[in-house]
2 protein chains.
Amino acid sequence: MKLTRKERERIARRELIIDATENLIDRLGIDNITMDTIATEAEVGKGTLYLHFKSKKSIYLAISERGSRLLNHAFGKALLKELPGLKLIEELGRTYLKFVQENPVYFTVFNYYESLINDDDLAQSELAQRCEESAREAMTYIVRALQIGMQDGSINNKYDPHELGIVIWGASRGVIHMAFHKQKKHHMKILDDVNFSLQSLVSNFIELIGTGMANDQQSKNN
Amino acid sequence: MKLTRKERERIARRELIIDATENLIDRLGIDNITMDTIATEAEVGKGTLYLHFKSKKSIYLAISERGSRLLNHAFGKALLKELPGLKLIEELGRTYLKFVQENPVYFTVFNYYESLINDDDLAQSELAQRCEESAREAMTYIVRALQIGMQDGSINNKYDPHELGIVIWGASRGVIHMAFHKQKKHHMKILDDVNFSLQSLVSNFIELIGTGMANDQQSKNN
DNA sequence: TATAGTTTTGACTGTCGGTCATTAATTGAA
DNA sequence: TTCAATTAATGACCGACAGTCAAAACTATA
């Protein structure tokens, strides 16, 4: 369907605001941004922001949605490889790590989004719905890989793929969350004792759960 | 050392404020609390809050510290059991789950604390230092259990216990975080597909990483 | 009881998210 | 081209809230 010039301009404006906000998050951190700052950076009046977004939250949500789309795209490509299911899971893990390293702003916004989870007026938001949909899609990629693995025998089929998928998703978030902060040099005393790279941490994690879900038969072969 | 009445009263006041805030978090949620609300609940003037805490953040930090102390205490007790290292890790996992279920407010505040990790003026705070110290202590319990397990042969010693500890800690946070929100009925589309209990999710997780870090020898025995 | 010292208080301030009356730009009919 | 009608953009303003501080209330001592 063809868009009118007005519609195209409107969308461009909206993207401009999102771009400006992403920049600011990168430069100032998500907690040090005001609507006035965003307006200035995007070179529009403050009121204009509210013509495109319901609230400050909505802008962050829009960024989150953009990020999820990119991540899902990467996941989709990873799943195209001709590999046994177990390897696909590892591939997804590495894809996620790469995404977080290359797009720290999106990772920041994902965390912000998570922190809103008990926010009631969020549930209504159409944007939030789309974020949820994206998360579900990401989840589907994992489950698909698990199912492939159970089919080809590389993954132990004693688990329910959906339940295992959630465990893997949650655990990955947790591990990468921790590794991310270490990398960002955020003060975390826990992490002082060990000298690990984000890479090695994630590798260890992948090996750990990889071994855990491998078929006994297969794991003997290593 | 003996405390004067004044000192005792001062400490009691402080605890009173913390108690009041915990109550409010439970009733209203951490995002719907104002300093005026806390003052009213604690039956003191607003200014008084600032005689005991530098800021609103500090109050939450104090709650976080209290929670960490309780959690560490539970971890300490779990480690006293006469079990092989691998079982100790499982025991720690279940202890953590139980703690979160019984003390949702502390879990909420832990998450709040985590979200402050890139907050610069936090690093100075003496309270934050103590929270960090607590986290490090929790971490030590896990590492200790891993070392025991590598000693008694129940855990594969191909991993570095510190690094594995961080992986386990991060992954556990992630899984329980997810399960917690499911339980709290927070809208999360990802979770709609599956009908799992917090229990079963954590059990699966424990089994997954348990298998992953078990010695090959041992895992054959199951 | 008088007074010096200490603690508590809530009215006040600055900041920020969000609103809305006003202004500017665009469109399209005459 | 002109001008009225419609639509878009703006920033002065508002309410809410974290944090401050001068004054009030309280306590201890002589």
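To find a chain, count down the sequence lines: A is the first, B the second, and so on, and within it residues start at 1.
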Whole angstroms only, please: what is the CD1-C1' distance between A/Ile38 and C/dC16?
12 Å

Generate the contact string for nucleotides 14-21 of chain D. Rules: B means base contact, S means sugar-phosphate contact only, - means no protein heavy atom under 4.0 Å.
---SBBB-

When rounded to whole Å, the CD to P distance for the pair B/Glu43 and C/dT9 reads 11 Å

So, is A/Arg13 close to the D/dA9 phosphate, meaning a side-chain N or O under 4.0 Å from OP1 or OP2?
yes

Looking only at non-hydrogen atoms, find the nearest pair between A/Ala128 and A/Tyr113 and report the distance.
O-OH, 3.6 Å

Rounded to the Å, how far apart are A/Arg10 CZ and D/dA8 P?
7 Å

Using whole Å, report how far CG of A/Leu49 lies from C1' of D/dA8.
14 Å

Name the one of A/Ile59, A/Val109, A/Asp31 that satisfies side chain to side chain contact (heavy atoms under 4.5 Å, CB included) with A/Ile25?
A/Val109

Calculate, to the nearest 0.5 Å, the distance between atoms CZ and CZ belonging to B/Phe180 and B/Arg173 respectively.
12.0 Å

A/Phe75 and A/Tyr141 aromatic ring geometry - parallel, tilted or perpendicular at 30°/60° bounds:
perpendicular

Round to a whole Å and report the spacing from CD1 of B/Ile17 to P of C/dT8.
9 Å

Residues, nucleotides or ligands: over 12 heavy atoms within 6.0 Å of A/Lys56 NZ:
yes

Spacing of A/Leu51 atom CG relative to C/dT23 atom C1', expressed in whole Å:
14 Å

Starting at CZ of A/Arg10, measure out to CG of A/Leu51 and round the result to the nearest 0.5 Å.
7.0 Å

Looking at B/Thr48, I'd like to know whether one of its side-chain N or O atoms comes within less than 4.0 Å of OP1 or OP2 on C/dT8.
no

